[in-house]
Amino acid sequence: MSNNNDNNEKELAFLLRELGIVNPSPDQLKKALKELASRKVISKFSIKSDKV
């Protein structure tokens with residue numbers, strides 16, 4: 001479980017560094033993923049569902 005939290009922290013730190021997003025809402029996160037994909041920072045991703 002700890003490893004998963006470490007990954008989340010790294011991902012959040014990455015979003016903060018790259019896009020200035022601190023605590024992204026789902027919409028901000030979607031926009032950030034699209035932005036990073038368009039910049040070729042990340043490759044293909046898919047959003048399975050909008051439901052929490």
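The figures that follow rest on heavy atoms only: side chains count, while hydrogens, waters and symmetry mates do not.
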Listed partners of S25 passing side-chain contact (heavy atoms from CB on, under 4.5 Å), at least two apart: D27, Q28
Straight-line distance of L12 CG to R17 CZ, nearest 0.5 Å: 11.5 Å
Would you please name every residue forming a side chain to side chain donor-acceptor pair (under 3.5 Å) with R39, sequence neighbours left out? E18, E35
Contacts of type side-chain contact (heavy atoms from CB on, under 4.5 Å), residue L16, not counting sequence neighbours: V22
